[in-house]
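Predicted model only: the values in this text are computed from it and were never measured. The first residue of the sequence shown is numbered 1, and numbering continues consecutively from there.
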Amino acid sequence: MDGFSLTLPEAVCLGASLGLSGIFYYLHKQSRKAVKKLDNAPHVSIDGKLKDLLKVTPGARLQYAVVEGTVKPVDEPLTSQFHKDISGVLQKFTIKEHRLVWSSISRTWMDSERILHQRVNMVPFALVGSDKAAVKVQSPLQAEGMYTETTNEKFHPASYGFGELVGLYLSGEKSKGHLEIEEMLKVGTTLIGVGELILDTDGTLTLRPPSDNSQYFLSLKDFETLRNETDTMAVWWKALTVVSALAGTAVLLWVCLRFYRTVQVRWEQEQERKEFARLQAEAARLRANRANAEGTQDGANSNHMESVCVICLNEPRDCILLDCAHVCCCYVCFQALPQKTCPICRQNIVRVLPFYQS
């Protein structure tokens, strides 16, 4: 559409808004779906009756169920590298480097971190309930939720000589040190599991990621807290969707407003041109009537260069610029002026009238 155009920043903002709105809306729908699944998921106790329940369930499985039990290793447990009295079934060891990076924009040193090393150790484990009944947990690393505790966290500050310190500051990066973090899922911890519960052919109860791609949860928190956190996340995704969509709408409204103003200016120019043509024709008719009544004819302009348009230097001056009343240009050049100011005195042009020289 003529006049309806997007600048590069506007196109980038509009495209980013549409893309982010789609991503945030998808995440919102996934979170809402997870909340609905959690609300409808049955809570089953890990006891001797659980196997009997699954035996009479079609496919010997509950597609989405909530269980709660105590963590117990199937094999030998893992031992903390820093506390020999702590044992667990899952261990995460992470080394992070903390740095100061000079920002040329804010002219300050900014904190930054990066992971230098990460290792995960795991042994098979189960959730144990009453009657020594157990549900084996499959693929725990695919689960969402907070299910590990920090067993060790130690910061090792970096030490540099004077020359090294000067070089680091000149390079714009300075290491503050390294942070060692050990996280473990301890033996004996009470854990909530939400996923697909099945009874294997060998009689083993297993909790695994749902086959319908529903969210798989393992959490140290109680079920109500887990459900509320998921619901809060859905609300945040919805808010981000609305904010992103409003930003895109604002850009689109701005473009539409600019297009409307362009159309309005063109319409006003067209109306002004028609009015000028009408006044010009009326003046020509009156001049012709007066000339016929006096029996004279208009003579050729003997001094054409003095009455030529000061802008194009070609067409005759045929309009009066008001309020300054200067006669200095043709009407075509008047319409082409980037700013409606008189070329002679720079006053604002309020109105334009046709002008004739006898």
Side-chain angles (χ1 to χ4, degrees), residues 5-28 30-31 80-83 86 88 90-122 141-185 219-221 229-230 232-255 258:
S5 60
L6 288 172
T7 63
L8 181 59
E10 291 170 346
V12 171
C13 290
L14 189 58
S17 171
L18 292 174
L20 291 175
S21 296
I23 293 173
F24 293 150
Y25 182 72
Y26 171 77
L27 294 173
H28 163 69
Q30 291 295 105
S31 297
S80 170
Q81 295 184 10
F82 306 94
H83 304 281
I86 297 178
L90 190 148
Q91 181 188 51
K92 293 182 180 179
F93 184 72
T94 307
I95 299 178
K96 294 181 179 180
E97 180 188 22
H98 287 259
R99 298 180 298 166
L100 289 175
V101 180
W102 176 256
S103 173
S104 58
I105 299 176
S106 61
R107 310 298 297 176
T108 57
W109 290 92
M110 308 288 290
D111 285 322
S112 175
E113 67 175 41
R114 63 174 178 173
I115 296 177
L116 297 180
H117 174 73
Q118 192 170 51
R119 184 178 74 249
V120 178
N121 299 322
M122 184 178 61
L141 295 179
Q142 297 182 24
E144 299 183 38
M146 182 63 66
Y147 52 88
T148 59
E149 300 175 64
T150 301
T151 55
N152 182 76
E153 187 173 7
K154 186 175 182 180
F155 184 76
H156 301 276
S159 59
Y160 299 100
F162 178 76
E164 293 175 321
L165 192 61
V166 172
L168 289 171
Y169 270 97
L170 290 176
S171 67
E173 290 188 9
K174 178 180 180 297
S175 177
K176 296 171 63 176
H178 299 84
L179 178 65
E180 291 181 348
I181 303 174
E182 183 190 55
E183 300 172 82
M184 295 190 72
L185 175 54
S219 177
L220 298 174
K221 302 175 182 178
E229 287 181 348
T230 307
T232 301
M233 187 58 65
V235 173
W236 274 108
W237 289 130
K238 183 178 181 179
L240 290 173
T241 301
V242 172
V243 170
S244 181
L246 287 177
T249 303
V251 173
L252 191 59
L253 287 177
W254 168 254
V255 174
R258 190 179 63 210

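Atom NZ of K176 is separated from atom CG of D111 by 4.0 Å, given to the nearest 0.5 angstrom. To the nearest 0.5 Å, atoms CG (N121) and CD (Q81) are separated by 7.5 Å. Interatomic distance, CD1 of I181 versus CZ of F93, reported as 9.5 Å (0.5 Å rounding). Put simply, OG on S112 and NZ on K174 are 13.5 Å apart, with the number rounded to the nearest 0.5 Å. Of the inter-residue distances, the one linking E97 atom CD with L179 atom CG reads 11.5 Å to the nearest 0.5 angstrom. From L185, atom CG reaches atom CD of E149 across 8.0 Å, with rounding to the nearest 0.5 Å.
By the side chain to side chain contact (heavy atoms under 4.5 Å, CB included) test, L253 pairs with T249, sequence neighbours left out. Shown here are the salt bridge (Lys or Arg N to Asp or Glu O under 4.0 Å) partners of E153, two or more places apart in sequence or in another chain: there are none. With sequence neighbours left out, A158 forms a side chain to side chain contact (heavy atoms under 4.5 Å, CB included) with Y160, S175. With sequence neighbours excluded, the residues that form a side chain to side chain contact (heavy atoms under 4.5 Å, CB included) with M146 are T148.
The two residues C13 and V251 come nearest to each other via the heavy atoms CB-CG2, 4.0 Å. When every heavy atom of S103 is checked against every heavy atom of M110, the shortest pair comes out as CB-CG, 3.7 Å.
Sorted by first and then second residue, the salt bridge (Lys or Arg N to Asp or Glu O under 4.0 Å) pairs with a member in residues 98-107 read R99-E173; sequence neighbours excluded.
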With side chain to side chain contact (heavy atoms under 4.5 Å, CB included) as the test, would you mind laying out the steps for I115 and I95 before giving the verdict? CA-CA 6 Å; I115 296 177; I95 299 178; over 6 Å; no

H98 and H178: side chain to side chain contact (heavy atoms under 4.5 Å, CB included), yes or no, with the steps? CA-CA 6 Å; H98 287 259; H178 299 84; over 6 Å; no

Criterion side chain to side chain contact (heavy atoms under 4.5 Å, CB included) on T7 and R258, from CA distance to verdict: CA-CA 12 Å; T7 63; R258 190 179 63 210; 4.1 Å; yes

Report the C-alpha separation of V120 and Q91 in whole Å, then their side-chain angles, then the decisive distance to 0.1 Å, and conclude whether the side chain to side chain contact (heavy atoms under 4.5 Å, CB included) test is met. CA-CA 6 Å; V120 178; Q91 181 188 51; over 6 Å; no

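When the shell of 6.0 Å around OH of Y26 is examined, it contains 12 or fewer heavy atoms from other residues, nucleotides or ligands.
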May I have the list of side-chain donor-acceptor pairs in residues 238-246 shorter than 3.5 Å, sequence neighbours left out?
from: T241; atom 1: OG1; to: F24; atom 2: O; distance (Å): 3.4
from: T241; atom 1: OG1; to: Y25; atom 2: N; distance (Å): 3.1
from: T241; atom 1: OG1; to: W237; atom 2: O; distance (Å): 2.8
from: S244; atom 1: OG; to: S17; atom 2: O; distance (Å): 3.0
from: S244; atom 1: OG; to: S21; atom 2: N; distance (Å): 3.4
from: S244; atom 1: OG; to: S21; atom 2: OG; distance (Å): 3.0

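Between E180 and K154 there is no salt bridge, since none of the side-chain N atoms of the basic residue sits less than 4.0 Å from a carboxylate O of the acidic one.
Side-chain contact between E10 and L252 is absent, with no heavy atoms from C-beta onward closer than 4.5 Å. Using a 4.5 Å heavy-atom threshold, the side chains of Y147 and L90 count as touching.
Without hydrogens or angle criteria, S219 side chain to K221 main chain gives a donor-acceptor distance under 3.5 Å.
Side-chain polar atoms of E229 and T232 form no donor-acceptor pair below 3.5 angstrom. Using a 3.5 Å distance cut-off with no hydrogens or angles, the side chains of S80 and E182 do pair a donor with an acceptor.
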